[in-house]
Amino acid sequence: MRTKRWIRLACALRLALALPAWADDAPAPGAEPLSAAMAKALQDMGWQFDGYLRSGFYSSSDGQPKGQYQLGGDLQHFRLGNEGDTYIEFGVGRKWTLSNGVSWGAYVMPTIYNGKAGASQIYGYISALEFAPSLTLWAGQRYHRIQDIHILDNWLMQDGDNYGAGVDGVAVGKAKLNLAVYSSGSYANNNAVPNNARRANFQLTGIETNPGGKLTLTGAAVSGDFAIGKPGAVLGLLHNQKDFLAQGVNHSLFLQTSSGHASLSGEFYNLDSEGAAQAGARQNRIAEALDWQRGRFGGQAVLGWQTTAPDNAARYRDATFGGRLSYGLAANVKLLTEVGLTSRDIDNQPLQRLNKATLALAFSPNADFWSRPELRLYASRYDWNSAAAQANLTTFAVGGKTRANTFGVQIEAWW
């Protein structure tokens, strides 16, 4: 039965990609000359403003959780109608250019998550130095991100989120090399003592491979004093292809492997927490993602497989398949549907399964998949088997329940 569901979803996603770019396309984004002029004026003065917001009215059946239904894998949080939280980040930066051409700047990004305030980025930088005009030197805590899968709310390649320093923009042919070093400290945990952990990362981006295709290579080495597990390393490969199979379709392939206290993304993995020793792991991941906009149809789909072998526990395997489709009903109205099929297979334990489906009506500046802000009215259905219920009795499966419904109104925006 599970195989048939996967086949039906694969056929639906492939059909959406094959649909023609109809002449009756959804309207293009409207011109916003005033906003563009204001943005340019601020940029000319050296100011930078960006951020992200999600919040809304959330509800569920029988007092169950209002979101976060997932088995725990990195690729298993299909987020539409499955968040149930409030999060905002607001970035403010200022850049100064001196008379000799040297530029420097500072950037800070305060955050609020469900009422708890913090900061995800606080760093400074300097660039256009005479001996290295194309390089940017930076220090502090910053996002050092390459690419995410939006419908899963997961950055699969990044190495920021800790205090560090680095240099960006080293020319390697037509490619660019970024180098960075990090400690285990951060704004949220300013104590850099846990494990005395250190990390060195590289990102080699923009390697041209074929027409419309580019390759990214990433890696890191982690060292420290670990109570459980070992120092580790990570290697990652990402290939991006524009106009894959059809115009307007983008394809991304991730291949990643890590060991010890290095995560697949390039960050630290499982450092000690409040005196409790955490284990490292051997991990491998392959993930494919497609996103497209063809006429009124847009969307993103993902297929993923990840294995994790902890240093002190049973090995497990996570599988993911699903996607989100959008269809423009009118200039500012679109229909959204998201389906996610996930499983977790732990050695010598029953297979866990959790599937979800969401239907939503959304309003946005235009009807494209990526158009934001987006206000959604949604309803979601979740079903999981008894093995998943037994493994999650303290969260969404309290009392041994094997299904749930959520509904609500949510706004998501970025700028």
Side-chain angles (χ1 to χ4, degrees), residues 48 91 93 95 101-109 119-148 155-187 189-190 192 194-209 214-226 230-240 252 254-269 271 280 283 285:
Q48 174 187 355
K95 179 181 178 180
V102 173
S103 296
W104 74 280
Y107 183 89
V108 60
M109 179 177 277
S120 58
Q121 300 190 76
I122 306 174
Y123 70 94
Y125 62 90
I126 187 168
S127 62
L129 298 171
E130 183 177 359
F131 69 90
S134 63
L135 303 185
T136 298
L137 312 179
W138 62 269
Q141 178 179 321
R142 63 172 295 188
Y143 292 157
H144 211 220
R145 292 173 163 176
I146 293 179
Q147 189 165 319
D148 71 335
W155 287 83
L156 270 65
M157 279 191 169
Q158 64 172 341
D159 61 40
D161 295 346
N162 291 91
Y163 291 139
V167 54
D168 288 355
V170 180
V172 181
K174 294 183 179 180
K176 297 294 183 181
L177 176 65
N178 304 327
L179 301 170
V181 292
Y182 298 92
S183 71
S184 56
S186 67
Y187 179 85
N189 170 28
N190 60 13
N195 308 121
N196 190 29
R198 299 168 299 278
R199 175 161 48 86
N201 288 79
F202 78 85
Q203 302 171 342
L204 184 61
T205 65
I207 305 170
E208 296 182 359
T209 56
K214 290 189 177 180
L215 187 68
T216 296
L217 301 176
T218 63
V222 171
S223 63
D225 304 320
F226 304 110
K230 308 170 184 177
V234 56
L235 287 174
L237 178 152
L238 166 64
H239 184 264
N240 287 316
S252 299
F254 298 83
L255 299 173
Q256 297 163 288
T257 184
S258 68
S259 62
H261 286 274
S263 74
L264 287 167
S265 67
E267 300 173 298
F268 291 114
Y269 175 78
L271 297 185
Q283 302 181 83
R285 176 163 65 206

query: Hey, does Ile126 have a side-chain heavy atom less than 4.5 Å from the side chain of Val102?
result: yes
Heavy-atom pair of closest approach, residues [X] and [Y]:
| X | Y | value |
| --- | --- | --- |
| Gln283 | Ser263 | NE2-CA, 4.4 Å |
| Thr136 | Ser127 | OG1-CB, 3.7 Å |
| Phe202 | Leu217 | CE1-O, 3.6 Å |
| Gly232 | Ala262 | C-CB, 4.0 Å |
| Ala220 | Asn201 | CB-ND2, 3.2 Å |

Can you measure from [atom1] ([X]) to [atom2] ([Y]) and round to the nearest 0.5 angstrom?
| X | Y | atom1 | atom2 | result |
| --- | --- | --- | --- | --- |
| Leu237 | Leu215 | CG | CG | 4.5 Å |
| Ser265 | Asp148 | OG | CG | 12.5 Å |
| Tyr269 | Ser259 | OH | OG | 12.0 Å |
| Asp159 | Ile146 | CG | CD1 | 7.0 Å |
| Leu177 | Ile207 | CG | CD1 | 9.5 Å |
| Phe268 | Asp161 | CZ | CG | 11.0 Å |

Tell me if a side-chain donor or acceptor on [X] pairs with a main-chain N or O of [Y] at a distance below 3.5 Å.
| X | Y | value |
| --- | --- | --- |
| Gln256 | Leu264 | yes |
| Gln147 | Leu156 | no |
| Arg199 | Gly266 | yes |
| Asn162 | Ser186 | no |
| His261 | Pro231 | no |
| Gln141 | Tyr187 | yes |

- prompt: Got a sec: does the NZ of Lys176 have more than 12 other heavy atoms crowding it under 6.0 Å?
  reply: yes
- prompt: Do Arg285 and Phe254 meet the cation-pi criteria used here (NZ or CZ under 6.0 Å from the six-membered ring centre, within 45° of the axis)?
  reply: no
task: Evaluate the criterion side chain to side chain contact (heavy atoms under 4.5 Å, CB included) for residue pair Arg142 and Tyr107; output intermediate values, then yes/no.
output: CA-CA 9 Å; Arg142 63 172 295 188; Tyr107 183 89; over 6 Å; no
- prompt: Where does the angle between the aromatic ring planes of Tyr123 and Trp138 fall among parallel (under 30°), tilted (30 to 60°) and perpendicular (over 60°)?
  reply: perpendicular
- prompt: Are Thr205 and Gln203 close enough that a side-chain donor and a side-chain acceptor fall under 3.5 Å?
  reply: no
